[in-house]
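One structure is given here, and the rest of the page talks about it.
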Amino acid sequence: MSVRVALIVGSLRNGSYSRAIGMAIKDLAAPELELIPVEIGDLPLYNPDLETETPPPAWARFREAVNGTQAVLFVTPEYNRSIPGALKNALDVGSRPYGHSVWQAKPAAIVSVSPGALAAFGANHHLRQPLVFLNMPVMQQPEAYVGNVADLLDDQGKLTNEGTRKFLKTFTDAFVDWIEKTKG
Ligand code: FNR
């Protein structure tokens, strides 16, 4: 049976490496992992004053989209050794209204991506902190750190590195098992 998984990319940039890796994962993942890109770039900054009967339409669209999935895959770059603000905002938007978090108990996995050698280790681990509070069981192994990413993609952003492809397949197969073990 296939599982609907929200694919959330932490970069808003046209030509984002993280998005390219996210789309590569979507293509190579086992058929039981149906990855559904959910955009975060149009979400107004979280402000409790806007949390009325009619919240911003982009918040409502985002919450509905994540609610329609059973798990979440985060693919993110690192900004200043942490996660991009846009991704943190998306976590905040999804976490409210209080008691109606779209993240509640959803299995999650993280892929961090960087053109640098440290592979966005800081972002990968900073993201784990709010996910603990949001009660998301986050896959611990295998971890996924995609470093020197520019060397792994062609000019069209297609993944050309066979070793990375094999690793990401192993990672997504493990995520299928993780979802099966931890979903509510
Ligand atoms: C960066 N970059 C970056 N890279 C990194 O490995 N560690 C870091 O802490 C940072 N910090 C950082 C801050 C800001 C504000 C920007 C704009 C960039 C570089 C970053 O990895 C690079 O721009 C990637 O291309 C971003 O990922 P996407 O947009 O290609 O997915």
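- In this pair, Trp103 and Phe74 present their aromatic rings tilted. The plane angle is within the 30 to 60° band.
- Note on Leu7: it clusters hydrophobically with Trp178, by side-chain heavy-atom contacts below 4.5 Å among ILVMFWY residues.
- Not one N or O on the side chain of Gln70 forms a donor-acceptor pair closer than 3.5 Å with the backbone of Val3.
- When atom types are taken as modelled, the side chain of Asn124 and the backbone of Ala144 share a donor-acceptor pair closer than 3.5 angstrom.
- Put simply, the side chain of Thr160 gets close to the backbone of Leu152: a donor and an acceptor are under 3.5 Å apart.
- Ile21 places a side-chain heavy atom less than 4.5 Å from the side chain of Leu168.
- Considering only heavy atoms from C-beta on, Pro97 comes within 4.5 Å of Arg63 through its side chain.
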Inset, instruction - Report the C-alpha separation of Glu78 and Ser114 in whole Å, then their side-chain angles, then the decisive distance to 0.1 Å, and conclude whether the side-chain contact (heavy atoms from CB on, under 4.5 Å) test is met. - result: CA-CA 7 Å; Glu78 178 173 272; Ser114 175; 5.6 Å; no
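- Atom CZ of Phe133 is surrounded by 12 or fewer heavy atoms from other residues, nucleotides or ligands within 6.0 Å.
- A distance-only check finds a donor-acceptor pair linking the side chain of Asn161 to the backbone of Thr164 [under 3.5 Å].
- The environment of Glu162 atom CD is dense: over 12 non-hydrogen atoms of other residues, nucleotides or ligands sit within 6.0 angstrom.
- Ile110 is not connected to Tyr145 by any chain of hydrophobic side-chain contacts under 4.5 Å among Ile, Leu, Val, Met, Phe, Trp and Tyr, and they are in different clusters.
- Other residues, nucleotides and ligands place no more than 12 heavy atoms under 6.0 Å from the CD atom of Glu64.
- By the rule that hydrophobic residues join a cluster once side-chain heavy atoms approach within less than 4.5 Å of another member, Leu73 and Val38 end up as members of separate clusters.
- In the hydrophobic clustering of this structure, Tyr79 does not group with Tyr17; members are Ile, Leu, Val, Met, Phe, Trp, Tyr whose side-chain heavy atoms approach within less than 4.5 Å, directly or through other members.
- Contact check for Val138 versus Leu127: no side-chain heavy atoms found under the 4.5 Å cut-off.
- Arg4 places no side-chain N or O within 3.5 Å of a backbone atom of Ile36 that could act as its donor or acceptor partner.
- With hydrogens and angles ignored, the 3.5 Å screen pairs a side-chain donor or acceptor of Ser112 with a backbone N or O of Ala119.
- Judged purely by atom type and a 3.5 angstrom limit, Ser16 has no side-chain atom pairing as donor or acceptor with the backbone of Leu12.
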Legend entry - Stepwise side-chain contact (heavy atoms from CB on, under 4.5 Å) test for Val5 and Phe175: CA-CA 10 Å; Val5 178; Phe175 191 34; 4.0 Å; yes
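- In terms of heavy-atom proximity, Pro142 sits nearest to Phe167 at CB-CE1, 4.3 Å.
- In this structure, Arg96 contributes its side chain and Pro48 its backbone to no donor-acceptor pair below 3.5 Å.
- Between the side chain of Lys106 and the backbone N or O of Val72, no donor-acceptor pair lies under 3.5 Å.
- Among the candidates Gln141, Gln140, Met139, the single residue satisfying the side-chain contact (heavy atoms from CB on, under 4.5 Å) test with Glu143 is Gln141.
- Side-chain atoms of Thr76 and Ile8, non-hydrogen and from C-beta on, never get closer than 4.5 Å to each other.
- When side chains are defined from C-beta on, Val93 counts as touching Asn89, because their heavy atoms get closer than 4.5 Å.
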Legend entry - Evaluation steps, side-chain contact (heavy atoms from CB on, under 4.5 Å), between Thr69 and Val102: CA-CA 9 Å; Thr69 63; Val102 301; over 6 Å; no
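- Using a 4.5 Å cut-off between side-chain heavy atoms of Ile, Leu, Val, Met, Phe, Trp and Tyr, with links allowed through other members, Leu50 and Leu45 fall into different hydrophobic clusters.
- Using a 4.5 Å cut-off on side-chain heavy atoms (C-beta onward), Pro37 and Val9 make no contact.
- Side chain of Thr172 to main chain of Lys169: a donor-acceptor pair is present (N/O by atom type, distance under 3.5 Å, no hydrogens or angles).
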